[in-house]
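Report on the structure given below.
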Number of protein chains: 2
Amino acid sequence: MITLPEKTVERLCKYRRVLYNTISAGKQHIFSHELANLLQITPVQVRRDIMLIGYSGTLRKGYDIKDLISLIGNILDTPEGQKAAIIGLGNLGSSILTYFNGKRAKLSIIAAFDIDPQKTNRVFGGVQCYPVDRLEEVIKAQGIRLAILTVPANQSPDIVEVLAMSGVKGIMNFTPKALHVPDNIYLEEYDMVTSMEKVAYFIKQN
Amino acid sequence: MITLPEKTVERLCKYRRVLYNTISAGKQHIFSHELANLLQITPVQVRRDIMLIGYSGTLRKGYDIKDLISLIGNILDTPEGQKAAIIGLGNLGSSILTYFNGKRAKLSIIAAFDIDPQKTNRVFGGVQCYPVDRLEEVIKAQGIRLAILTVPANQSPDIVEVLAMSGVKGIMNFTPKALHVPDNIYLEEYDMVTSMEKVAYFIKQN
DNA sequence: TTTTAATTGTGAAAATGATAACAATGTGAA
DNA sequence: TTCACATTGTTATCATTTTCACAATTAAAA
Ligand SMILES: NC(=O)c1ccc[n+]([C@@H]2O[C@H](COP(=O)([O-])OP(=O)(O)OC[C@H]3O[C@@H](n4cnc5c(N)ncnc54)[C@H](O)[C@@H]3O)[C@@H](O)[C@H]2O)c1
Ligand SMILES: NC(=O)c1ccc[n+]([C@@H]2O[C@H](COP(=O)([O-])OP(=O)(O)OC[C@H]3O[C@@H](n4cnc5c(N)ncnc54)[C@H](O)[C@@H]3O)[C@@H](O)[C@H]2O)c1
């Protein structure tokens, strides 16, 4: 299987999300321009993405919604589901934990870690919070491959090292710290303050 | 002033952040490769960005850190500061509110809005929470031009319409809903679930 | 002073991503 | 049945972003 462009992958996630809605609204087929309208993008982009995943619609009938959902599932999901852990159960971390689980069938947070004894060895939103010194052990034992990093920024480099040793293959970094990860780990930066400043700049610009 | 590429703007924010650290560590000049190391990017990219903002370093001495910080400030900040509002003071909204203020000198959240009477007409983290039906009035009165959207997803289209009428020029959207905004509003999507699925895909891929 | 080596600045190339343009085609209207 | 046209699939073009490659320069070493 070839690797899809990053932007296409992002859009596939969104296609699937809105397709679920349209199917529960009773629709069976959808045109590229309809899907495009739902996501505020262009119909060409929809068609191109669908081309890239090797699916074909029916001329003048559009795309079969169920087929499309299932094909996107084949591409994005793993059959057994992807397991994630969240490190740092503070304000942001616990907000994400509560919010996220249940959103996606094949992707769930199954462990949390913190250093604060008030939080460890308790259950939050159905998820066990372990002391952070058990990070490697638990991640290996449970086969976790995705980590969400919501510790204080100065802690993140150390944690990342342990994560790498534990076999984690993808990290979502919410801390405002540029992380150094080995090549085989996919890193997604999620830096809110930077994004805010960027928006402020483009406001200023017009 | 010409408009800088989006990616360059993002990096400028990050340059400034790490430059503050290096200056408090007593350094006065910095080489492109040093700055690059701090952010895990390439030295060429640093040099090109600095070229784009029209600054010049000294050969074999590097860039003057104070000059660079101040120039980046001229580009990113407005002298009077940019005012932001947050709409929806739930889990995520209040987490952001507490976190954000104080982070940037020229960018602050000065008003919050909610629909819940338990939350309105109170002060959170030093910020007044208004009932959402006063959105337009307050935003206009206070000259707010940036909005952070953390309401339930189904509410966001309506809110966006009011925001547009109120003169808001930039929106950070944390809701998983594709928004339709007029051309003169800069929209930044911040869709966590999509990002998580993307990471999961790239984990699966290698 | 002369040489060496490190560093900047930048044009050109490569990679990634979005849009335009249009041929192909089959559905439904006439 | 025939025709018009809506819609797909795809190639070619355009735009943005990153990387390469290297000339220019000068601080420090010799
Ligand atoms: N709060 C926000 O809205 C927000 C937004 C953007 C980014 N962030 C970033 O997210 C991170 C967390 O922010 P927060 O507001 O939740 O902070 P917080 O202080 O509320 O939470 C941090 C948590 O990490 C735990 N922790 C500390 N050291 C640890 C370690 N070594 N191992 C494991 N856990 C450890 C703490 O006990 C605490 O529970 C910070 O890096 C912050 O910059 C927060
Ligand atoms: N919690 C998270 O970590 C997280 C992460 C990513 C995205 N999100 C998104 O952020 C949004 C908020 O999530 P949350 O977890 O904070 O939910 P929440 O229910 O805790 O907060 C929503 C808040 O919005 C208020 N509200 C409802 N309708 C409103 C209206 N018309 N005008 C103004 N305020 C209104 C509610 O009173 C509540 O305070 C959602 O769209 C969610 O999908 C949340």
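Sequence lines set the chain letters: A, B, ... in the order given, protein chains first and strands last, and positions in each chain run from 1.
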Distance-only donor-acceptor hits, side chain of residues 134-145 of chain B, under 3.5 Å, sequence neighbours excluded:
from	atom 1	to	atom 2	distance (Å)
B:Arg134	NE	B:Glu137	OE1	3.1
B:Arg134	NE	B:Glu137	OE2	3.3
B:Arg134	NH2	B:Glu137	OE2	2.8
B:Glu136	OE2	B:Lys140	NZ	2.8
B:Gln142	NE2	B:Tyr130	OH	3.2

Would you be so kind as to tabulate the donor-acceptor pairs closer than 3.5 Å made by side chains of residues 44-56 of chain A, with sequence neighbours excluded?
from	atom 1	to	atom 2	distance (Å)
A:Arg47	NH1	A:Ser32	OG	3.4
A:Asp49	OD1	A:Thr8	OG1	3.0
A:Asp49	OD1	A:Arg11	NH2	3.2
A:Asp49	OD2	A:Arg11	NE	2.6
A:Asp49	OD2	A:Tyr15	OH	2.6
A:Tyr55	OH	A:Asp64	N	3.4

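Counting heavy atoms from C-beta on, the side chains of A:Ile115 and A:Pro131 never come closer than 4.5 Å. Contact of the A:Asn173 side chain with the A:Ile148 side chain is not registered, since no non-hydrogen atoms from C-beta on lie closer than 4.5 Å. Here the side chains of B:Pro157 and B:Val160 are not in contact, with every heavy-atom distance at 4.5 Å or above.
If you take NZ of B:Lys7 and P of D:dT19, they are 12 Å apart, rounded to a whole angstrom. In this structure, B:Glu6 atom CD and D:dA15 atom P are separated by 17 Å, rounded to whole Å.
The side chain to side chain contact (heavy atoms under 4.5 Å, CB included) check on A:Thr78 picks up A:Glu80, A:Gln82, B:Lys204, with sequence neighbours excluded. Every residue two or more places apart in sequence or in another chain was checked for a side chain to side chain contact (heavy atoms under 4.5 Å, CB included) with A:Pro79, and none qualifies. Looking at residues two or more places apart in sequence or on another chain, you find a side chain to side chain donor-acceptor pair (under 3.5 Å) between B:His180 and A:Gln40. Qualifying ring pair (Phe, Tyr, Trp, His ring centres under 6.0 Å) partners for A:Tyr190, counting only residues two or more places apart in sequence or in other chains: A:Phe174, B:Tyr190. When the ring pair (Phe, Tyr, Trp, His ring centres under 6.0 Å) test is applied to B:Tyr63, no partner is found at least two apart in sequence or on another chain.
In summary, B:Asp191 and B:Lys198 do not engage in a salt bridge, as defined by a charged side-chain N under 4.0 Å from a carboxylate O. Between B:Glu197 and A:Lys106 there is no salt bridge, since none of the side-chain N atoms of the basic residue sits less than 4.0 Å from a carboxylate O of the acidic one.
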Dot-bracket pairing map - DNA chain C, Watson-Crick plus G-U, both contacts under 3.5 Å, | cross-strand: ||||||||||||||||||||||||||||||
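In summary, contact between chain A and DNA chain C, defined as any nucleotide atom under 4.0 Å from a heavy atom of the protein, begins and ends at C:dG17 to C:dT27 in the 5' to 3' direction.
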Step-by-step side chain to side chain donor-acceptor pair (under 3.5 Å) determination, A:Glu10 to B:Thr194: CA-CA 6 Å; A:Glu10 286 181 14; B:Thr194 294; over 6 Å; no
B:Glu34/B:Lys27 under side chain to side chain contact (heavy atoms under 4.5 Å, CB included): CA gap, chis, key distance, verdict: CA-CA 12 Å; B:Glu34 294 177 304; B:Lys27 253 172 101 75; 3.0 Å; yes
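At a non-hydrogen distance threshold of 4.0 Å, B:Phe31, B:Ser32, B:His33, B:Val44, B:Arg47, B:Arg48 from residues 26-50 of chain B come into contact with DNA chain C. Annotation: proximity of residues 195-206 of chain B to DNA chain D (heavy atom, distance under 4.0 Å) is found for no residue. Within residues 57-70 of chain A, the residues having any heavy atom under 4.0 Å from DNA chain C are, by residue number, A:Leu59, A:Arg60.
Test B:Leu92, B:Leu149, B:Leu146, B:Ile96 against B:Ile86 for side chain to side chain contact (heavy atoms under 4.5 Å, CB included) and you get one pass: B:Ile96.
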